[in-house]
There are 2 protein chains.
Amino acid sequence: MRLPLKTEYACQVLAQLASTYASGEVRQVEELAAAEHLSPNYLVQILTTLRQAGLVISRRGKNGGYLLARHPEDITLAEIAMALEGGALIESSPGNGGKSAERVRHAWVRVNEAMLQSCGSITLTELIPPRQPQDGADWVI
Amino acid sequence: MRLPLKTEYACQVLAQLASTYASGEVRQVEELAAAEHLSPNYLVQILTTLRQAGLVISRRGKNGGYLLARHPEDITLAEIAMALEGGALIESSPGNGGKSAERVRHAWVRVNEAMLQSCGSITLTELIPPRQPQDGADWVI
DNA sequence: TTTAAAGTTGCGTCGTTTACTAAGGTATTG
DNA sequence: CAATACCTTAGTAAACGACGCAACTTTAAA
């Protein structure tokens, strides 16, 4: 089971937004894309999904951009993954009518619940990147 | 993240084998496939993988078939899933070099470990289908 | 009020993976 | 040696994922 790239990217960009949450300033797509090595056009689609899920807020027009909708401590991996993929984290198939199908299905539903719990205990604050040493500053002698 | 059908089928066929583990008798592909509504040719591929992983034992030739390699209590969902998909249950991508990529990756590795633990606590005995009321017997008056 | 920066939306496409079929090969038994 | 049942590999069609592009809307600033 590969973790979808989209979900991973979503975590990355949310980590970026979390790192500047305190300032209250918006971040623009171009800058976010550059920081996380993503295509701006693709990142927009991810941000749209996150906005519809209520995890980020957007401002349109000139000087627009994105910012986190809540405190980083209140956003978990579970919420992020559920926003990107609908329904469940681990989704088992409709079932093929086999004699053991129903039992197997139920077992994986339990696994999904366990996973929801563990993903629900990891928050965005744990993903905030270490502060860069004066990123764009030219203090060099 | 959809659970691969292959993994689900593997659980189903192993549940079948578990239900007759006590008898020590082998089960043939045709019968197993019929019980779980699968294509025999496809099921063989799954069983081959399970054999290579040491979860089932096969006997070739006439009166051949498959049987569980260990007691059902000693086979977990974690082993089954790991046998089908290599490496990890939740596999995150190589990383794209973004500023938060490494941290995000590490978080999902932790999720994978938690999931391994929960999958490791569900054994085949929980998947054994309820005993059929005299399946093929014609005791009717 | 004009203009340009920025988000919004939907479609298209290309490559990979998945699920499955088919056919020929190999081992075991009577 | 013939029948039976497992073994292996190649091939394929459909679905999915990961984007790219282009036209549209909103809004701040000049």
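Since the model is a prediction, treat every value here as computed from it, not as a measurement.
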Response to the item:
Rounding to 0.5 Å, atoms CG (B:L116) and OG1 (B:T76) come to a distance of 8.5 Å
Worksheet entry | Expected output: side-chain A:R103 to main-chain B:I128 donor-acceptor under 3.5 Å | yes
Worksheet entry | Rounded distance (Å) that lies between atom P of C:dA6 and atom CZ of A:R51 | 18 Å
Fill in: Atom pair distance, as rounded to whole Å: CE in B:M1 and P in C:dT18
14 Å
Fill in: DNA chain D: 5'-most and 3'-most nucleotides touching chain A, 4.0 angstrom heavy-atom criterion
D:dG17 to D:dA29
Discussion item. Give the residues of residues 24-40 of chain A touching DNA chain C, defined as any heavy atom closer than 4.0 Å, sorted by residue number.
Written reply: A:Q28, A:V29
Fill in: Which residue lies more 5' along DNA chain D, comparing A:T7 with A:R59 via nearest heavy atoms
A:T7
Discussion item. What's A:N63 touching, base or sugar-phosphate or nothing? Going by heavy atoms closer than 4.0 Å.
Written reply: sugar-phosphate
Practice prompt. Could you check how far OH of B:Y9 sits from C1' of C:dT18, rounded to whole Å?
Written response: 11 Å
Item to complete: Please tell me which of B:L5 and B:G61 maps to the more 5' nucleotide of DNA chain C, matching each residue to the nucleotide holding its nearest heavy atom.
Response: B:L5
Item to complete: Kindly indicate whether the side chain of B:R60 and the base of C:dT28 share any N or O donor-acceptor pair separated by less than 3.5 Å?
Response: no
Worksheet item: Nearest-Å distance, CZ (A:R2) to P (C:dT16)?
Response: 12 Å
Worksheet entry | Integer-rounded Å distance: C:dG24 P and B:N41 CG | 13 Å
Fill in: Atom-pair distance (CG on B:L43; P on C:dT21), nearest Å
12 Å
Fill in: Any donor-acceptor N/O pair, B:E8 side chain to A:S93 backbone, under 3.5 Å
yes
Worksheet item: Is any side-chain nitrogen or oxygen of A:S58 closer than 4.0 Å to OP1 or OP2 of C:dT8?
Response: yes
Worksheet item: Is it the case that more than 12 heavy atoms not belonging to A:H37 sit under 6.0 Å from its NE2 atom?
Response: yes
Worksheet item: To the nearest angstrom, how far is A:L47 atom CG from C:dT8 atom P?
Response: 8 Å
Worksheet item: Should we say atom CD of B:Q117 is surrounded by more than 12 heavy atoms from elsewhere, each under 6.0 Å from it?
Response: no
Fill in: Given A:L17, A:L67, A:T48, A:T49, the one that forms side-chain contact (heavy atoms from CB on, under 4.5 Å) with A:V56
A:L17
Discussion item. Is it the case that over 12 heavy atoms from other parts of the model lie below 6.0 angstrom from the CZ atom of A:R105?
Written reply: yes
Worksheet entry | 5' priority, DNA chain C, between A:K62 and A:V44 [closest heavy atom] | A:K62
Discussion item. Measure CD/A:Q45 against P/C:dT8 and give the value in whole Å, please.
Written reply: 12 Å
Worksheet item: Out of curiosity, B:E79 CD to B:I122 CD1, how far, rounded to the nearest 0.5 Å?
Response: 13.5 Å
Practice prompt. Ignoring hydrogens and angles, state whether a donor on the side chain of A:E85 or A:T7 is under 3.5 Å from an acceptor on the partner side chain.
Written response: yes
